[in-house]
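The structure appears below as structure tokens.
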Amino acid sequence: MTATYRSIAFTEYGDSGVLRVVERELPEPGPGQVRIAVRAAGVNPIDWKIRAGLMAEVYPTTFPAVPGGDVAGVVDAVGEDVPGFAVGDEVLGRGIGGYAEFVLADPAGLTHKPEALSWELAAALPVVVTTAYRALNLLDLTEGETLLIDGAAGGVGTIAVQLAVARGLTVVGTASEANHDYLRSLGAIPVQYGEGLEERVRAVAPQGIDASFDTSGRGSLGTLVELTGGPKRVVTIAAPDASDHGVRFTSGGPAEQVPGALAEGVALAAEGKLDLPIARVYPLAEAGAAQDESEAGHVRGKLVLVP
């Protein structure tokens with residue numbers, strides 16, 4: 001009898017209703033791959049944006065597609081030429097198609113899970129940690145500068161605020177008013193996003209904005225460019241119209257990666273020096289509801305799926 005596993009998949013772009021639980025044949029890892037029995041998978045805004053077809057030019061999709069890029073679990077099979085990982089290892093990292101009970105992964109995108117981390121937190125960290133490190137590196141920030149983060153209370157924003165503050169930066173972060181105390185607790189100066197943003201930012205940061213990081217894609221790039229004094233030091237992970245503003249869209253290609261970022265961020269989290277709230281944990285079969293909550297906005301931290 002052929003072994004199978006459950007995953008979430010979609011065969012066309014659309015709302016969360018296109019997501020289905022499907023049975024798949026359990027794959028064997030090829031050379032340079034490991035197979036992970038998933039204990040938890042992170043949900044990121046990019047997941048629903050890809051599912052909706054909003055990022056088709058940046059992330060072309062081949063159907064059927066399984067969402068997700070964050071996983072934590074146990075290595076249960078190892079292909080040829082995989083040093084450093086063995087069956088039984090607890091790991092976290094990048095797993096393409098992470099909304100599943102099993103996933104094949106490139107060991108280069110994995111790190112070992114510290115015992116101090118829960119499965120849920122371990123699964124929440126990979127994408128947000130590597131993305132935050134990458135963006136700060138691309139912006140070439142130095143101590144004493146002021147950084148504006150649009151969408152600062154989400155997963156990536158939460159990590160980016162803490163890393164930036166630890167590096168001696170002044171951080172202004174946009175969020176709904178309900179998350180302003182939360183941003184203050186992380187060390188950021190909160191402002192309400194939306195119309196009038198430019199005036200509000202100038203009021204709290206009269207020294208000016210040296211760099212801006214857009215994590216939300218809410219249509220604020222023009223304002224961020226104006227506040228920063230030009231597009232050179234503005235990056236986005238969420239706005240497909242970035243090129244219209246002369247802004248760099250960072251999708252995490254090999255040339256953009258920061259070596260050691262995942263291991264360093266995970267170690268900081270295990271030591272209690274990097275905080276990431278888990279907003280809610282959903283069963284795998286309720287992936288559509290998780291994406292709906294993500295799409296509605298206002299999530300503080302991360303949403304997680306468990307098989």
Output, in order, the C-alpha distance, side-chain angles, deciding distance and verdict of side chain to side chain contact (heavy atoms under 4.5 Å, CB included) for Leu147 and Leu139.
CA-CA 9 Å; Leu147 170 67; Leu139 289 171; 3.8 Å; yes
Atom pair [atom1]/[atom2] of [X] and [Y] - distance to nearest 0.5 Å:
X	Y	atom1	atom2	result
Leu276	Arg300	CG	CZ	12.5 Å
Asp275	Ser185	CG	OG	7.5 Å
Lys302	Leu121	NZ	CG	9.5 Å
Thr174	Asp150	OG1	CG	3.5 Å
Trp48	Leu54	CH2	CG	6.0 Å
Asp70	Leu92	CG	CG	9.0 Å

For [X] and [Y], indicate whether the former's side chain and the latter's backbone hold a donor-acceptor pair under 3.5 Å.
X	Y	answer
Thr236	Ala239	yes
Arg20	Gly17	yes
Ser294	Ala290	no
Lys49	Gly53	no
Gln162	Thr158	yes
Glu90	Lys113	no
Asp89	Val91	no
Asn44	Ile46	no
Thr131	Val128	no
Gln291	Gly288	no

Taking all heavy atoms of [X] and all of [Y], pick out the closest pair and write down the distance.
X	Y	answer
Val304	Ala124	CG2-CB, 4.2 Å
Thr228	Ser212	OG1-OG, 2.7 Å
Val171	Ala164	CG2-CB, 3.6 Å
Ala105	Arg94	CB-O, 3.6 Å
Ala153	Ala175	CB-CB, 4.1 Å
Gly173	Leu183	O-CD1, 3.6 Å

Cationic N near anionic O, under 4.0 Å, Arg248 to Glu256:
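A salt bridge links Arg248 with Glu256.
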In terms of side-chain geometry, is the basic nitrogen of Arg233 or Asp140 positioned less than 4.0 Å from the acidic oxygen of its partner?
no
4.5 Å side-chain heavy-atom contact, [X] and [Y]:
X	Y	answer
Val21	Ile8	yes
Leu284	Tyr99	yes
Ile237	Phe249	no
Val299	Glu293	yes
Asp214	Leu221	yes
Thr146	Leu169	no
Arg280	Tyr282	yes
Phe10	Pro67	yes

Crowded around Glu115 CD? As in, over 12 foreign heavy atoms under 6.0 Å?
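Counting neighbours around CD of Glu115, 12 or fewer heavy atoms of other residues, nucleotides or ligands fall under 6.0 Å, so no.
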Count the heavy atoms of every other residue, nucleotide or ligand shown that sit under 6.0 Å from CD of Glu25, and state whether that count exceeds 12.
no
Partners meeting salt bridge (charged side-chain N to carboxylate O under 4.0 Å, His left out) with Arg35 (sequence neighbours left out)
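With neighbours one apart ignored, the set is Glu28, Asp76.
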Under a 4.5 Å side-chain heavy-atom rule over Ile, Leu, Val, Met, Phe, Trp and Tyr, are [X] and [Y] clustered together?
X	Y	result
Leu163	Leu117	yes
Val204	Leu197	yes
Val34	Trp119	no
Leu141	Val161	yes
Ile96	Leu110	no

What is the ring orientation for Phe85 with His112, classed by angle as parallel under 30°, tilted 30 to 60°, or perpendicular over 60°?
parallel
For Val191 and Val172, run side chain to side chain contact (heavy atoms under 4.5 Å, CB included): C-alpha distance rounded to whole Å, both residues' side-chain angles, the deciding distance at 0.1 Å, then the answer.
CA-CA 7 Å; Val191 294; Val172 178; 4.0 Å; yes
cation_pi(Arg51, Tyr13) dist<6.0 Å, angle<=45:
no
With distance as the sole criterion, is a donor-acceptor pair present between the side chains of Gln257 and Tyr133 under 3.5 Å?
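No.
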Can you list every pair that meets salt bridge (charged side-chain N to carboxylate O under 4.0 Å, His left out) and has a residue in residues 176-199, with sequence neighbours left out?
Asp181-Arg184, Glu198-Arg202
Among Leu136, Leu138, Asn137, whose side-chain contact (heavy atoms from CB on, under 4.5 Å) with Arg134 holds?
Leu138
Start with the C-alpha distance between Tyr59 and Ser251, add both sets of side-chain angles, then the distance that settles side chain to side chain contact (heavy atoms under 4.5 Å, CB included), and finish with yes or no.
CA-CA 9 Å; Tyr59 298 104; Ser251 58; 3.3 Å; yes
Stepwise side chain to side chain contact (heavy atoms under 4.5 Å, CB included) test for Gln33 and Val82:
CA-CA 7 Å; Gln33 289 184 320; Val82 180; 5.8 Å; no
